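Please read all numbers here as calculations on a predicted model, not as lab measurements.
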Amino acid sequence: MAYEPSAPPSSEHASVLAAGRAGTGGVLAAMCTCLVLVVASVSALNLAMPDLAIDLSASTTSLTWIADAYTVALAAFVLPIGALGDRIGRRNVLVGGTIVFAVGSIAAGLVHSTDPLIGWRAVMGIGAAMIMPGTLSTITAAFPADRRDRGVAVWSGFAAAGAIIGLLAAGFLLRQWSWRSIFITSAVVALLGGLLAVLLAPNTRDEDQRPLDHAGAWTSAVAIGGLVYGIIEGSEAGWTSGRVVAGLAVAVAALVLYAVLGFRNSHPLLDPRLFGIRGFRAGAITILVQFMAVFGFFFVGLQYLQLILGYSPLESAVALIPIAVVVLPTSVLTPKLSRRVGIKTVMGVGLLLLAAGMFALSFLEADSGYWLFFGGLIISGLGVGMTSAVGTAVIVGSLRAEQQGVASAMNDATREVGSAVGIALMGSVFTSHYKSALPTLQGLPPQAAHAVESSAAAGIHVAGLVGQQGPALEAVVKSAFISGLSHSLVAVTIIVAVAGVGALLFAPHEQTPPE
């Protein structure tokens, strides 16, 4: 499982160790702070979705875009910006990203409608794309070979648990202030992360300067954007709508064009041939599917805790702590486990555990209470801990020392594409089944009926305003919500289970040294 470079340590590696400033511990602290900022910003706003639905009159589709604008921008730009960091210095790009992130966060906290909020969330995503690649590649460059596995495992643990850290912070903020406080706090943490990077981390770069792949950057961004657009808009406009079909067709065409150009380019952004490496391919699929399930679940699961169980934002965040308690130690222990039983076993079993947890959660009802939710979290957390660490380590270990920027960017890209697709997919399935499960809303004013159809949060809010009709309307909204929740969880269960079986059949048993 351990990654061993195929050549003696590079001059870059030696200089990093010499200029380590606070040593590898300081590097790890700085990079994990920046990592948690990026990951937490994917999840934290999910806790404020009910408030946003009411405060900004946001429909479920608008809420999905508010959540996904960040992840789409991050996923679309992380590869080209990662390549830029390899050329001009990863810390330089990371610090610039913290400034862009802070500006986007402050502006997002000042908006009064959904469209500008979506736009500023995209700006935050671009800042996150500047931050994210440098975190892992700096760790892999700064750590000696015999300690690199542990550094990657700690990074993976914080990548998985960062979502819960963000939710807890958001819960505390929402207890005292409005959703705007989440953005202001994110700006402060971004500037703190940039300062720590300047003080504690070396500025690493790839000494082999290669031309940037501009065509690859644009085609990959269009492919990701078109895919997510088609999935999100499908639930609103219908899957046969012209703009939905066009979005998905553009995504497929851009992906094919990226592959064709990549095979012809001597220095592609991400060489399509890398997917011929079994470990690299298996690691990428594992990370993508894991993040698709986790962040899709956060989008709908947090609304279950608040709208159905009546939890406050802070109580909802605390209710998710068990998954972090399981993920962190499991991530640290996974490298040792994979050496004993093999990569394919850890990957396959981890994904099947995640699928089992999602399937258990699909049985939630309006009166289920917390304990079924808790059981699904524990099973899912075991799966996440196993898949996150081994998936990242296999991607990193499949490539040579001078390719660690590509390895880090690929790891980041799969995480963020998975998050974006998961939110879009589960949000889309949820929305379509929520709407179809609602009866004809007779007796309600047109504006109130539209609010009920637009989101469950607005529906429950309306139920509190219509007098004697309120309890019956609330029951109808909650029943429709459960229908959407269940179907979205079943959909992601099937995808994760198929990936788990594929890992058991096709993933490598052990790490193959890079050529």
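- L35 places a side-chain heavy atom less than 4.5 Å from the side chain of M132.
- By the 4.5 Å heavy-atom criterion applied to side chains, T98 and M130 are not counted as neighbours.
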Derivation and outcome, side-chain contact (heavy atoms from CB on, under 4.5 Å), residues Q290 and S388:
CA-CA 7 Å; Q290 176 219 316; S388 181; 3.3 Å; yes

Any chance you could lay out the side-chain contact (heavy atoms from CB on, under 4.5 Å) test for M386 and L354, step after step, and finish with the verdict?
CA-CA 10 Å; M386 293 172 69; L354 178 56; over 6 Å; no

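- Distance CE/M347 to CD1/I285: 9.0 Å, rounded to 0.5 Å.
- Between the side chain of T493 and the backbone N or O of F359, at least one donor-acceptor pair lies under 3.5 Å.
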Check against side-chain contact (heavy atoms from CB on, under 4.5 Å), T414 and F291:
CA-CA 8 Å; T414 52; F291 271 71; over 6 Å; no

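- With sequence neighbours excluded, no residue forms a side-chain contact (heavy atoms from CB on, under 4.5 Å) with V103.
- Rounded to the nearest 0.5 angstrom, L382 CG and I323 CD1 are separated by 9.5 Å.
- In this structure, I224 CD1 and T219 OG1 are separated by 9.5 Å, a value rounded to the nearest 0.5 Å.
- Counting heavy atoms from C-beta outward, F299 and M49 have side chains that approach closer than 4.5 Å.
- In this structure, F183 and S105 approach most closely via the heavy-atom pair CB-O, 3.1 Å.
- Minimum interatomic distance between N203 and R91 (heavy atoms only, all atoms of both residues): OD1-N, 3.0 Å.
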Applying side-chain contact (heavy atoms from CB on, under 4.5 Å), run through F298 and L320 and close with a yes or a no.
CA-CA 9 Å; F298 283 160; L320 289 175; 4.0 Å; yes

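- Side chain of R278 to main chain of F506: a donor-acceptor pair is present (N/O by atom type, distance under 3.5 Å, no hydrogens or angles).
- A donor-acceptor pair is defined here as one N or O able to donate and one able to accept, closer than 3.5 Å; no such pair exists between the side chain of K344 and the backbone of A503.
- The only member of V245, V244, V252 that meets side-chain contact (heavy atoms from CB on, under 4.5 Å) when paired with L248 is V244.
- Between the side chain of T138 and the main chain of T135, no donor-acceptor pair closer than 3.5 Å is present.
- Centroid-to-centroid, the aromatic rings of F481 and Y434 stay 6.0 Å apart or farther.
- Atom OH of Y229 has more than 12 neighbouring heavy atoms from other residues, nucleotides or ligands inside a 6.0 Å radius.
- Heavy-atom minimum distance, I106 versus A187: CG1-CB, 3.7 Å.
- Expressed to the nearest 0.5 Å, how far CG of L302 lies from OG of S43 amounts to 8.0 Å.
- Looking only at side-chain heavy atoms (C-beta outward), S362 and S486 come within less than 4.5 Å of each other.
- Between atom CE of residue M426 and atom CD1 of residue I495 there is a gap of 9.5 Å, rounded to the nearest 0.5 Å.
- Taken to the nearest 0.5 Å, the CG atom of L361 stands 5.0 Å off from the CZ atom of F297.
- Across all non-hydrogen atoms, the minimal contact from S186 to L37 is O-CD1, 3.7 Å.
- For the pair G484 and H433, the tightest heavy-atom approach, listed with the atom from each and the gap, is CA-CB, 3.8 Å.
- Contact annotation: the side chain of T33 never approaches that of F158 to less than 4.5 Å [non-hydrogen atoms, C-beta and beyond].
- Between G350 and T387, the shortest heavy-atom distance links the atoms C-CG2, 3.5 Å.
- Residues L45 and L52 form a side-chain contact, since some pair of their non-hydrogen atoms from C-beta on lies under 4.5 Å apart.
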Only pairs under 3.5 Å count here: list side-chain donor-acceptor contacts from residues 63-80, not counting sequence neighbours, and write none if there are none.
unit_1, atom_1, unit_2, atom_2, d
T64, OG1, T60, O, 2.8
W65, NE1, E233, OE2, 2.8
D68, OD1, T71, OG1, 2.5
D68, OD2, A424, N, 3.4
Y70, OH, V38, O, 2.9
T71, OG1, D68, O, 3.1

